[in-house]
Amino acid sequence: MIDPTTLRQLAYLYDLEDRDLARVAERCTEQRFERGELILLEGAPCPGMYFVIQGRVKVFKLSPEGREQILRIMGPGETFNDVPAFDGGSNPASVAAMEPTTVGLIPSAEVERLVREYPQVAWHMLRLFAGRLRAFVDLVAELSLLGVEARVAKLLLVSSQNTDRSRFRITQQDMAAMVGTTREVVARALRSLEDRGAISREEGHLEIRDRHLLEAVSEGAVH
């Protein structure tokens, strides 16, 4: 059984009473995965809604040629595979662990019960779905309208927001999969940003040195 206090971290469930969280926890299962291990396969049947307890996962799609496009990177307290838990369809994307990771699973039937019995859960879900739809619209716009250097700059800004420091680690391969290009092109963009003084690189870490310049590049205001 999942620890009920873990469920309180989820945006859907944080304001449920303790007894209600305990009831949900009884129906949840926990799974552990090593780095690179596949959690969900695109097109496979959906068992329910997942959430990250510890570690990080990437949600991605593969082209017929095997090219990877990362849609989201998710950490503790975030849910994934939400949509098929409602519509009964197959997994819309694949999910893999980026490091040793523990995830929880809320079965689809339990998700449906929560929405029917607790109006606040349904409201929280609508807000989260709306936010993710907006993020995907932004992603489509970025891939269609922005150059690679601007997309890399925007990715670095977003990545730095997920840490408490301006120095962080992200691989060039993962960056390429997130901005829709190759690792070699990302490497050139990083060199350009470093030459401009926007970032610095050391021992596999990236550090933002000039956030205003990086923001200008991400908006296409600097070429």
Side-chain angles (χ1 to χ4, degrees), residues 10-14 39-44 46 48-52 56-96 98 108 111 115 120-163 168 170-183 185-186 189 193 198 208 211-223:
L10 306 184
Y12 298 160
L13 308 179
Y14 73 90
I39 300 172
L40 293 175
L41 179 65
E42 179 180 356
C46 167
M49 183 176 70
Y50 288 79
F51 57 94
V52 182
R56 289 189 307 156
V57 305
K58 61 179 179 181
V59 182
F60 65 96
K61 295 181 78 72
L62 289 177
S63 73
E65 298 77 26
R67 182 171 172 178
E68 181 180 275
Q69 172 68 56
I70 295 179
L71 303 177
R72 292 181 65 89
I73 291 179
M74 316 192 86
E78 294 187 283
T79 59
F80 59 93
N81 228 43
D82 313 57
V83 171
F86 287 99
D87 69 11
S90 59
N91 301 330
S94 297
V95 182
M98 300 184 71
S108 296
V111 175
V115 171
Q120 71 270 34
V121 171
W123 175 244
H124 295 326
M125 288 183 173
L126 283 172
R127 286 180 62 88
L128 188 61
F129 275 30
R132 289 185 179 171
L133 177 59
R134 184 182 297 274
F136 282 128
V137 169
D138 290 343
L139 175 62
V140 171
E142 290 169 12
L143 293 174
S144 303
L145 304 175
L146 293 179
V148 172
E149 189 170 350
R151 301 203 302 268
V152 169
K154 185 179 288 290
L155 174 59
L156 295 178
L157 289 168
V158 171
S159 299
S160 69
Q161 292 171 359
N162 295 330
T163 70
F168 54 95
I170 182 171
T171 69
Q172 292 183 13
Q173 187 60 51
D174 284 340
M175 293 176 68
M178 295 179 76
V179 301
T181 187
T182 64
R183 188 183 64 79
V185 175
V186 166
L193 292 171
I208 295 177
R211 184 171 292 272
H212 293 301
L213 175 57
L214 203 60
E215 289 172 347
V217 174
S218 73
E219 295 167 359
V222 177
H223 301 283

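Sequential numbering from 1 along the given sequence is applied to the chain's residues.
Screening Lys58, Arg72, Arg132, Arg56 for a salt bridge (charged side-chain N to carboxylate O under 4.0 Å, His left out) involving Glu78 leaves a single residue, Arg72. For the pairing with Val179, the side-chain contact (heavy atoms from CB on, under 4.5 Å) check across Glu149, Arg151, Gln69 returns one residue only, Arg151. Under the side-chain contact (heavy atoms from CB on, under 4.5 Å) test applied with Met74, the options Thr79, Val57, Val95 reduce to a single match, Val57.
Note: Phe80 and Tyr50 have parallel aromatic rings, judged against thresholds of 30 and 60 degrees for the angle between ring planes.
Between Ala122 and Val115, the closest heavy-atom pair is CB-CG1, 3.8 Å. The nearest pair of heavy atoms linking Cys46 to Ala85 is SG-N, 3.8 Å. Minimum heavy-atom separation, Val217 to Ala150: O-CB, 3.3 Å. When all heavy atoms of Phe60 and Ile70 are compared, the closest pair comes out as CB-CA, 4.0 Å. Residues Pro84 and Pro92 approach most closely at CG-CD, 3.6 Å, considering heavy atoms. Nearest heavy-atom pair, Lys154 versus Ser218, reported as atom, atom and distance to 0.1 Å: N-CB, 3.6 Å.
Using a 4.5 Å cut-off on side-chain heavy atoms (C-beta onward), His124 and Leu128 make no contact. Residues Leu157 and Glu215 form a side-chain contact, since some pair of their non-hydrogen atoms from C-beta on lies under 4.5 Å apart. For the pair Leu62/Ser94, no side-chain contact is recorded, criterion being any heavy-atom separation below 4.5 Å from C-beta on. Side-chain atoms of Asn81 and Ile39, non-hydrogen and from C-beta on, never get closer than 4.5 Å to each other.
With rounding to the nearest 0.5 Å, the separation of CD1 in Ile208 from CG in Leu193 is 10.0 Å. A distance of 4.0 Å separates CE of Met178 from CD1 of Ile73, quoted to the nearest 0.5 Å. To the nearest 0.5 angstrom, Lys61 atom NZ is 15.0 Å from Arg67 atom CZ. Taking CD of Glu68 as the start and CG of Leu71 as the end, the distance is 9.5 Å to the nearest 0.5 Å.
By the side-chain contact (heavy atoms from CB on, under 4.5 Å) test, Arg183 pairs with Gln172, Gln173, sequence neighbours left out. Every side-chain hydrogen bond (donor to acceptor under 3.5 Å, both in side chains) that Asp174 has, sequence neighbours left out, goes to Thr171.
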Original post:
Run the side-chain contact (heavy atoms from CB on, under 4.5 Å) check on Met175 and Leu155 step by step: do they pass?
Top reply: CA-CA 8 Å; Met175 293 176 68; Leu155 174 59; 3.8 Å; yes

